[in-house]
Peer 1: 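One structure, pasted below without further comment.
On a predicted model such as this, the values are computed, not experimentally measured, just so you know.
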Amino acid sequence: MSKTGDFFSTPAFKLILLTGMVLQNSATVLVGRYTRSSVPVDDLYVVNHLILVTEIGKLVLSCMFEYVSTNGGLVQSIKANCIERPWDALKIMIPALLYLVQNSLLYTALSNLTAPVFQVTYQGKLVTTAIVSVLMLNRKYSFQQWICLVVLSVGVAVVVLGESGGSSSSSAESVGDQAPQSLVLGLTAVTIACLSSALAGVYFEKVVKTSSSGEKQKPVSVWMRNFQLAFFTIWTAMLQGWWTNMGKSEVITKPYFHGFTSWVWILVGLQAGGGLLVAAVIKYADNVLKGLATGVSVCFATAVSTVLFGTPLSSQFSVGASMILVSVYFFSNPVTKKEKVLSSQNMPSHTDSPSGTPERLLPK
């Protein structure tokens, strides 16, 4: 194995991915919240324009990575995976549409929820993803994992109830010309976004697995799949913007890049790079790292939001957030695996463990 391949499998590289995911997830939520809540309504950017620019950035970055990974064979890769296999590429239209719905709703949620509440409630996508995985992929989960999902749901309910009680007197407040915030609208957007994320992710996984296992051709790379996903998302975003402009004349008055401040461009970079970072995590890491990064990013974003934005945190929020973080961690890292290893180490005979390798600590 080459030195580069050895480095990609080292704990140091996984630590780099973990740090990158934590910073990217936290920064995206905080910057997104800031750009939607700190400016007057007339100066707000159009979410559709932001998504379109972001997807163009993902498209360019995907082409760059595919060009490097194929040693300059980008054109040949596009021809082999898109032009010569059009039906396989068209399968990506469904998750592209779902991701467009998800991204649009996430900015609606960020406009109406504080960063900590958004981060915590959005973890409900773990529940929706598990249910959709069972229905579409016939995936099996252990009893412990289902308990974690139940505890996570209760934790989300605790946070929502606490937020609704504390915001009853300020849910419709606005500062200057800024848009008023609606807790109900924000939570509804998060709920639909969780469902869209689950459907898109599970369907995308099913397409990747069936297309790579059912055909005797070279598997499509992660970067090419991201290229296809960004390509179709750009077209669906353009159609969505065109349809919206037909019915709402006030949107027409806002040209492209209206409200695109330096912070908005930072958000574009975070979103575009984040999609490729997730692809790298899928390729070089595992679900334990993704779950750990999620938990750490929630804590980090909450702490930064409290310091920078003065977001108050109630005891009810702390209890609910703790339930969610513990559930996410143990769902991704089942404790039963560790218990088996510990029990085998305490037994006088080691015949059941010929190698003693730590592979049993890893999830299946």
Peer 1: Can you confirm whether Tyr107 sits close enough to Thr35 that some side-chain heavy atom of one is under 4.5 Å from a side-chain heavy atom of the other?
Peer 2: no
Peer 1: Measuring from Asn112:CG to Leu183:CG, what's the distance to the nearest 0.5 Å?
Peer 2: 8.5 Å
Peer 1: Would you say the side-chain atoms of Thr128 pair up with the backbone N or O of Cys194, donor to acceptor, closer than 3.5 Å?
Peer 2: yes
Peer 1: Of the non-hydrogen atoms in Ala230 and Lys58, which two are nearest, and what is the gap between them?
Peer 2: CB-CB, 4.1 Å
Peer 1: Quick one: are Ser77 and Trp223 in side-chain contact, heavy atoms under 4.5 Å?
Peer 2: no
Peer 1: Should Leu137 and Ile94 be regarded as members of a common hydrophobic cluster, given that ILVMFWY residues are connected when their side-chain heavy atoms come within less than 4.5 Å of each other, either directly or indirectly?
Peer 2: yes
Peer 1: Would you say the side chain of Val154 lies within less than 4.5 Å of the side chain of Met323, judging by non-hydrogen atoms?
Peer 2: yes
Peer 1: Looking only at the side chains, is there a donor atom on one of Gln24 and Thr28 sitting less than 3.5 Å from an acceptor on the other?
Peer 2: yes
Peer 1: Could you tell me whether the side chain of Tyr34 reaches within less than 4.5 Å of the side chain of Leu267, counting heavy atoms only?
Peer 2: no
Peer 1: Please step through side-chain contact (heavy atoms from CB on, under 4.5 Å) for the pair Ser133 and Tyr141, ending with a clear verdict.
Peer 2: CA-CA 10 Å; Ser133 297; Tyr141 292 103; 3.6 Å; yes
Peer 1: Check whether Trp265 and Val31 end up in the same hydrophobic cluster, where Ile, Leu, Val, Met, Phe, Trp and Tyr are linked by side-chain heavy atoms less than 4.5 Å apart.
Peer 2: yes
Peer 1: Any chance you could measure Leu97, atom CG, to Ile92, atom CD1, to the nearest 0.5 Å?
Peer 2: 13.0 Å
Peer 1: Mark yes or no for whether Thr121, through its side chain, and Phe118, through its backbone, hold a donor-acceptor pair below 3.5 Å.
Peer 2: yes
Peer 1: Do the non-hydrogen side-chain atoms of Glu55 and Asn103 ever get within less than 4.5 Å of each other?
Peer 2: yes
Peer 1: More than 12 foreign heavy atoms under 6.0 Å from CH2 of Trp263: is that the case here?
Peer 2: no
Peer 1: Distance check, rounded to the nearest 0.5 Å: Ile56 atom CD1 versus Thr233 atom OG1?
Peer 2: 11.5 Å
Peer 1: Would you check if Arg225 and Ser62 make a side-chain contact, meaning some heavy-atom pair closer than 4.5 Å?
Peer 2: no
Peer 1: Is a side-chain donor or acceptor of Arg36 paired with a backbone partner of Leu44 at a separation under 3.5 angstrom?
Peer 2: no
Peer 1: Hey, which of Val132, Ile131, Leu135 is the one that makes side chain to side chain contact (heavy atoms under 4.5 Å, CB included) with Val202?
Peer 2: Val132
Peer 1: Under the 3.5 angstrom rule, does the side chain of Asn48 hit a backbone N or O of Met238 as a donor-acceptor pair?
Peer 2: no
Peer 1: Mind checking the CG-OG1 spacing from Leu50 to Thr54? Nearest 0.5 Å is all I need.
Peer 2: 4.0 Å
Peer 1: Apply side-chain contact (heavy atoms from CB on, under 4.5 Å) to residues Tyr45 and Thr261 and explain how you reach the verdict.
Peer 2: CA-CA 9 Å; Tyr45 56 86; Thr261 63; over 6 Å; no
Peer 1: Does the Gln228 side chain pair with the main chain of Lys91, one donor and one acceptor, at a distance under 3.5 Å?
Peer 2: no
Peer 1: Would you call Leu52 and Ile234 a side-chain contact if the rule is heavy atoms closer than 4.5 Å?
Peer 2: yes
Peer 1: So with a 6.0 Å cut-off around CZ of Phe260, is the heavy-atom count from everything else above 12?
Peer 2: yes
Peer 1: Minimum heavy-atom separation for Leu98 and Ser196, please, with both atom names.
Peer 2: O-CB, 3.8 Å
Peer 1: Rounded to the nearest 0.5 Å, what separation is found between the CG atom of Asp42 and the NE2 atom of His258?
Peer 2: 7.0 Å
Peer 1: Quick check against the 3.5 Å criterion: does Ser197 have a side-chain atom that pairs as donor or acceptor with the backbone of Ala193?
Peer 2: no
Peer 1: Assigning hydrophobic clusters by single linkage (Ile, Leu, Val, Met, Phe, Trp, Tyr; side-chain heavy-atom cutoff under 4.5 Å), is Leu110 placed with Leu105?
Peer 2: no
Peer 1: Where do Ala89 and Cys82 come nearest, in terms of heavy atoms and distance?
Peer 2: CB-CA, 4.2 Å
Peer 1: Near Met64 CE, under 6.0 Å, is it more than 12 heavy atoms from other residues, nucleotides or ligands?
Peer 2: no
Peer 1: Under a 4.5 Å cut-off applied to non-hydrogen side-chain atoms, are Phe227 and Asn81 in contact?
Peer 2: no
Peer 1: State the CD-NZ distance between Gln102 and Lys125, to the nearest 0.5 angstrom.
Peer 2: 7.0 Å
Peer 1: Any link between Ile192 and Leu195 through a network of hydrophobic side chains (Ile, Leu, Val, Met, Phe, Trp, Tyr) touching at under 4.5 Å?
Peer 2: no
Peer 1: Measure across Ala109 and Val190 and return the closest heavy-atom pair with its distance rounded to 0.1 Å.
Peer 2: CB-CG2, 3.5 Å
Peer 1: Should Tyr203 and Leu100 be counted in the same cluster of Ile, Leu, Val, Met, Phe, Trp and Tyr side chains packed under 4.5 Å apart?
Peer 2: yes
Peer 1: Checking Tyr99 against Thr236 for the side-chain contact (heavy atoms from CB on, under 4.5 Å) test, could you report, in this order, the C-alpha distance in whole Å, the side-chain angles of both residues, the deciding distance, and whether it holds?
Peer 2: CA-CA 10 Å; Tyr99 278 130; Thr236 52; over 6 Å; no
